[in-house]
Visitor: 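Have a look at the structure that comes next, please.
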Amino acid sequence: MRRYSRLTLLPLLLAPWLAHAGVQLSVDGVDDPLKLAVTSGVDISQYANRDVTEAQVKRLYNQALDQAKSALEPYGYYEATVQGQLEPVGTDWRVTLHVKPGPPVTVTAVNLKLDETATAIPAIRRAKRSIDNLKGQTLNHGEYDSARDALSGALTANGFLDARLVTHRVEVNRAERTAVIQLAWEAGPRYRFGDVHFEGSQFKPGFLQRYVPFKSGDYFAQDKLLQLQQALNGADYFSVVNVLPDVDDKNNGVVAVKVELVPAKRTIYTGGPFIGTDTGVGVRVGSERRWVNRSGHKWKNELVLAQNLKTLSTLYSVPLPGPNQRSFNYGATYRDSDTDTSHSKTLELVANETRQWHGWVRTIGVHALDGTFTVGQKNGEPDNAPGIEHGRSNLFYPEVSLSRKSGDNPIFVRSGWSLTFAARSTVGGLLSDATFSQVTADAKWITSFWGRNRLILRGTAGATWTNDFSDLPPQLRFFAGGDRSVRGYSYQSIGPKNSYDRVVGGKNLLVGSTEVEHYFTKNWGMAAFVDAGNAFDGTDYRPKIGAGLGVRWLSPVGMIRVDLGTPVHNPDEHGVELHVVIGPDL
């Protein structure tokens, strides 16, 4: 009998530890962000997936009524009423909170005191205006804290390193439902930059000073320190760049700056296979000397061996750091190109200067080009087939280009654009077999819409004036067709033809493209496109049209585009053309 009694009492003794009920919380009467504030502000919300006893639920429920009211006060609602319901649902509990926020408290006055010298600075004035704009708004403690901290940050960022917030108070009158913000700063002196000291540099004294975007004696500004950090990182000389203002040692109102540097690997090698329908399967290898000497000169070499393209290039750069990020560049490229319509072997020498110019990258230089070429030759044809044009190029011409681009993400652009303009011309017959002038323009625009969709518009135009078109090599003639031109046609297969019906290229070019992409996942999507354009002479513009579908994959090595295109309304061209492109959007 005694044993039976003990077994009967055992479940009762273990009941508190066997409880496994959870809490389902529901809040009505308010929308986000107030609903979210109530949900996160009550302790009972933490028991959705936790064991809880009946006694705990009742205690948490009673606390939740007052906690919900308190959770609304930071949003300006001090007269909220909360009613609730607690009921069991199977092994769980359901808690419903019915919230009436009541009328909010309004900010009726903002009293802000700040030195006039600080207020005169635009960035600080904008931060002050954000606080002033709180007047007339519903009191929101989060917005108030953010605006207050932003003004404190603006003071520090603009050289007021000793600025102190001496008054910070929000006076709430619940009876009148009003609030008054009281703020006051003592800005103190405005500090200036001292000397910049570089530690760990591999360059001669004074070279890195050209990267510094301020002078000793200029007012201290954090954005200038960020510019210095970005410039040194962008120079690609260092693996570590730490820009450290010595704010603890502000002698005579001056802040010295120390820059800690660790040199990067001096020589880097690159290489690997690639595929493109314009070039075919190939391999690319390269080397780059990040700095050749203590003056920061750079040297880059690259070899490309592909089915339709072989190049060997070298480029030597002399950087001149400063506000415009100038550099002088000297290069040579041997190019052996084979397309469906032309074959050329040329050597090109280049000398130019590049710099930042009103937000653009400007390049001014000269080119010397020499080589042989054939135009109009089809695959497998002998060199002496009728209609094939042979030539030799010997040209010297200056060139200027402007380029600019903007994108929200360098790997996958949801909003961005790029523009490139170029002009080149011989100087009469100086060192040239023919005279010519040429202008080109290239534009691309990308925008996202309706979530996982992108619209991509692209356009290219060009015009040439010459006294002897037959002396121009294929790279100075215009063709259409290919991955980045009119898809559905092979690379450079479209253009004016000679009397033997062979494509020989044109003086002018006009190509446009419209593409829509939809992404099913973060990395996979499909595309539909329509391309139109042609190379032409004079005003005889007859655009070829190509359309098709494609697959997009944002791979670890970048965007991979695989397209299938076909000619549209062209009785002479049929079939499907494969196009593969690997690389960034802009």
Visitor: I want to check something: taking the side chain as every heavy atom from C-beta on, are L112 and L151 in contact at a cut-off of under 4.5 Å?
Guide: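 Side-chain contact under 4.5 Å: yes.
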Visitor: Decide side-chain hydrogen bond (donor to acceptor under 3.5 Å, both in side chains) for K204 and S295; before the verdict, give the C-alpha distance in whole Å, the side-chain angles of both, and the deciding distance to 0.1 Å.
Guide: CA-CA 6 Å; K204 65 183 182 181; S295 296; 3.2 Å; yes
Visitor: Please check if the side chain of S130 supplies one atom and the backbone of R126 the other of a donor-acceptor pair under 3.5 Å.
Guide: yes
Visitor: Any salt bridge between R487 and D563, counting N to O under 4.0 Å?
Guide: yes
Visitor: Is it true that a side-chain atom of Q229 and a backbone atom of V241 form a donor plus acceptor pair closer than 3.5 Å?
Guide: yes
Visitor: Tell me if a side-chain donor or acceptor on D218 pairs with a main-chain N or O of F214 at a distance below 3.5 Å.
Guide: no
Visitor: One thing to verify: whether D531 and R458 come together as a salt bridge, which I'm taking to mean a side-chain N less than 4.0 angstrom from a carboxylate O.
Guide: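 Looking at R458 and D531, the cut-off is met.
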Visitor: Could you check whether the rings of F421 and W360 sit parallel, tilted or perpendicular, using 30° and 60° as the cut-offs?
Guide: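 F421 vs W360 ring planes: tilted.
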Visitor: Kindly check if the number of other-residue, nucleotide or ligand heavy atoms within 6.0 Å of CG (D32) is above 12?
Guide: yes
Visitor: Looking only at heavy atoms, which two atoms of A547 and V530 are closest? And how far apart?
Guide: CB-CG2, 4.2 Å
Visitor: Is any side-chain heavy atom of L261 closer than 4.5 Å to one of L208?
Guide: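 Side chain of L208 against side chain of L261, heavy atoms only: contact under 4.5 Å found.
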Visitor: Between N324 (side chain) and R326 (backbone), is there a donor-acceptor pair under 3.5 Å?
Guide: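 Answer holds: no.
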Visitor: I'd like to know if the side chain of Y191 reaches the main chain of L161, judged simply by a donor and an acceptor atom lying under 3.5 Å from each other, with no hydrogens or angles considered.
Guide: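 No: the side chain of Y191 does not pair with the backbone of L161.
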Visitor: When rounded to the nearest 0.5 angstrom, what is the spacing between CZ in F207 and OH in Y237?
Guide: 4.0 Å
Visitor: Could you tell me the separation between the OG atom of S40 and the CD atom of Q46, rounded to the nearest 0.5 Å?
Guide: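 Between S40 OG and Q46 CD, I get 10.0 Å after rounding to 0.5 Å.
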Visitor: Evaluate the ring planes of F203 and F238, with Trp represented by its six-membered ring, and classify them as parallel (under 30°), tilted (30 to 60°) or perpendicular (over 60°).
Guide: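 Judged by the thresholds at 30° and 60°, the geometry between F203 and F238 is perpendicular.
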Visitor: Does E353 come within less than 4.0 Å of R362, counting only side-chain N to carboxylate O?
Guide: yes
Visitor: Go through the steps for V257 and F198 under the test side-chain contact (heavy atoms from CB on, under 4.5 Å), then give the verdict.
Guide: CA-CA 9 Å; V257 178; F198 294 92; over 6 Å; no
Visitor: Output the distance between atom NZ (K444) and atom CG (L457), rounded to the nearest 0.5 Å.
Guide: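 Answer rounded to 0.5 Å: 10.5 Å.
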Visitor: side-chain contact (heavy atoms from CB on, under 4.5 Å), that's the test. Do I44 and V52 meet it? Break it down for me.
Guide: CA-CA 10 Å; I44 202 170; V52 62; over 6 Å; no
Visitor: If you define the side chain from C-beta out and look only at heavy atoms, does anything of I446 sit under 4.5 Å from W417?
Guide: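 Sidechains of W417 and I446: no contact.
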Visitor: Taking the six-membered ring of F220 as reference, does the cationic atom of R190 (NZ for Lys, CZ for Arg) lie under 6.0 Å from its centre and within 45° of its axis?
Guide: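 Not satisfied by the 6.0 Å and 45° rule.
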Visitor: For the pair D92 (side chain) and G22 (backbone), establish whether a donor and an acceptor sit closer than 3.5 Å, ignoring hydrogens and angles.
Guide: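 Here the side-chain-to-backbone pair exists.
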Visitor: Would you find a donor on one side and an acceptor on the other, under 3.5 Å apart, between the side chain of D145 and the backbone of G142?
Guide: no
Visitor: With no hydrogens and no angle check, is any side-chain donor or acceptor of D408 less than 3.5 Å from a backbone partner on R414?
Guide: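 Checking the backbone N and O of R414 against the side chain of D408, a donor-acceptor pair under 3.5 Å is found.
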Visitor: Report yes if some heavy atom in the side chain of Q222 is under 4.5 Å from a heavy atom in the side chain of L226; otherwise report no.
Guide: no
Visitor: In Å and rounded to the nearest 0.5 Å, what is the CH2 to OG distance from W445 to S415?
Guide: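 One gets 8.0 Å once the value is rounded to the nearest 0.5 Å.
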Visitor: Is the closest side-chain heavy-atom distance between V562 and I560 below 4.5 Å?
Guide: yes
Visitor: Indicate yes or no: at least one non-hydrogen side-chain atom of K298 is less than 4.5 angstrom from one of D236.
Guide: yes
Visitor: Is D585 salt-bridged to R561, cutoff N-O under 4.0 Å?
Guide: yes
Visitor: Under 6.0 Å from the CZ atom of R192, do we count more than 12 heavy atoms belonging to anything else shown?
Guide: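 Enclosed: over 12 neighbouring heavy atoms sit under 6.0 Å from CZ of R192.
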Visitor: Does Y144 reach the side chain of I181, with side-chain heavy atoms less than 4.5 Å apart?
Guide: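 The answer is yes, as the side chains (C-beta and beyond) meet within the 4.5 Å cut-off.
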Visitor: Checking salt bridge (Lys or Arg N to Asp or Glu O under 4.0 Å) for the pair R290/E288: CA distance, chi angles, key distance, verdict?
Guide: CA-CA 6 Å; R290 282 172 161 154; E288 181 178 358; 5.7 Å; no
Visitor: Could you tell me which non-hydrogen atom of T138 sits nearest to which non-hydrogen atom of G76, and how far apart they are?
Guide: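 In this case the closest contact between T138 and G76 is CG2-CA, 4.5 Å.
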Visitor: Which atom names give the shortest non-hydrogen contact between L586 and G407, and what distance separates them?
Guide: CD1-CA, 4.3 Å
Visitor: Using the side-chain hydrogen bond (donor to acceptor under 3.5 Å, both in side chains) rule, take S317 and N329 through it: C-alpha gap first, then chi angles, then the decisive distance, then the call.
Guide: CA-CA 4 Å; S317 297; N329 312 287; 2.9 Å; yes
Visitor: Does the pair E79/K100 count as a salt bridge with the N-to-O cut at 4.0 Å?
Guide: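 The answer is no: the pair does not qualify as a salt bridge.
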Visitor: Is it true that, when you exclude Q209 itself, more than 12 heavy atoms of the residues, nucleotides or ligands shown sit nearer than 6.0 Å to its CD?
Guide: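 Result for CD/Q209: enclosed.
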Visitor: Taking salt bridge (Lys or Arg N to Asp or Glu O under 4.0 Å) as the test, write out the residues that go with K58, two or more places apart.
Guide: E54
Visitor: We want to know whether S327 and T354 form a side-chain donor-acceptor pair, criterion being a heavy-atom distance below 3.5 angstrom.
Guide: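 A pair is found: one side chain offers a donor N or O, the other an acceptor, under 3.5 Å apart.
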Visitor: Is the distance between the ring centroids of W524 and W553 under 6.0 Å?
Guide: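 Yes - the distance between ring centres of W524 and W553 falls below the 6.0 Å cut-off.
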Visitor: Could you go through the side-chain contact (heavy atoms from CB on, under 4.5 Å) check for V180 and V107 one step at a time?
Guide: CA-CA 6 Å; V180 177; V107 178; over 6 Å; no
Visitor: Can you name the closest pair of heavy atoms from P104 and R177 and give their distance?
Guide: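 Of all heavy-atom pairs spanning P104 and R177, the closest is O-CB, 3.9 Å.
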Visitor: Before giving the answer on side-chain contact (heavy atoms from CB on, under 4.5 Å), spell out for V400 and T363 the whole-Å C-alpha distance, their side-chain angles and the decisive distance to 0.1 Å.
Guide: CA-CA 6 Å; V400 58; T363 302; over 6 Å; no
Visitor: Look up atom CD1 in I121 and atom NZ in K128, then write down how far apart they are to the nearest 0.5 Å.
Guide: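 Going from the CD1 atom of I121 to the NZ atom of K128 covers 14.0 Å.
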Visitor: Cut-off 3.5 Å, side chains only: do D43 and Q67 have a donor facing an acceptor?
Guide: yes
Visitor: Donor-acceptor check, side chain of S45 to backbone of V42, threshold 3.5 angstrom: yes or no?
Guide: yes
Visitor: Just checking R266: does its CZ atom have more than 12 heavy atoms from other residues, nucleotides or ligands closer to it than 6.0 angstrom?
Guide: yes
Visitor: Kindly indicate, with the supporting measurements, whether the criterion side-chain hydrogen bond (donor to acceptor under 3.5 Å, both in side chains) is fulfilled by E73 and H141.
Guide: CA-CA 8 Å; E73 290 184 1; H141 289 263; over 6 Å; no
Visitor: Any cation-pi pair here, K69 with Y78, using under 6.0 Å and within 45°?
Guide: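 Because its charged atom misses either the 6.0 Å distance or the 45° angle limit, K69 does not stack over Y78.
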Visitor: Within a strict 4.5 Å, meaning less than it, do heavy atoms of the V23 and V57 side chains meet?
Guide: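 Yes, their side chains come closer than 4.5 Å.
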Visitor: For A175, does its backbone N or O pair with a side-chain atom of N173 as donor and acceptor, under 3.5 Å?
Guide: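 Side chain of N173 to backbone of A175, a donor-acceptor pair under 3.5 Å: yes, one is there.
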Visitor: How long is the straight-line distance from CG of N111 back to NZ of K135, given to the nearest 0.5 Å?
Guide: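 If I round to the nearest 0.5 Å, the distance is 9.0 Å.
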Visitor: Can you see which heavy atom on G296 is nearest to which on P319, and at what distance?
Guide: O-CG, 3.2 Å
Visitor: Has E116 got more than 12 heavy atoms of other residues, nucleotides or ligands less than 6.0 Å from its CD?
Guide: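 It does not: E116 CD has 12 such atoms or fewer within range.
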Visitor: Ignoring hydrogens and angles, state whether a donor on the side chain of D442 or T460 is under 3.5 Å from an acceptor on the partner side chain.
Guide: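 Looking only at side-chain atoms, T460 and D442 do form a donor-acceptor pair, the distance falling under 3.5 Å.
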Visitor: Out of F520, Y519, F412, which residue meets the side chain to side chain contact (heavy atoms under 4.5 Å, CB included) rule with R552?
Guide: Y519
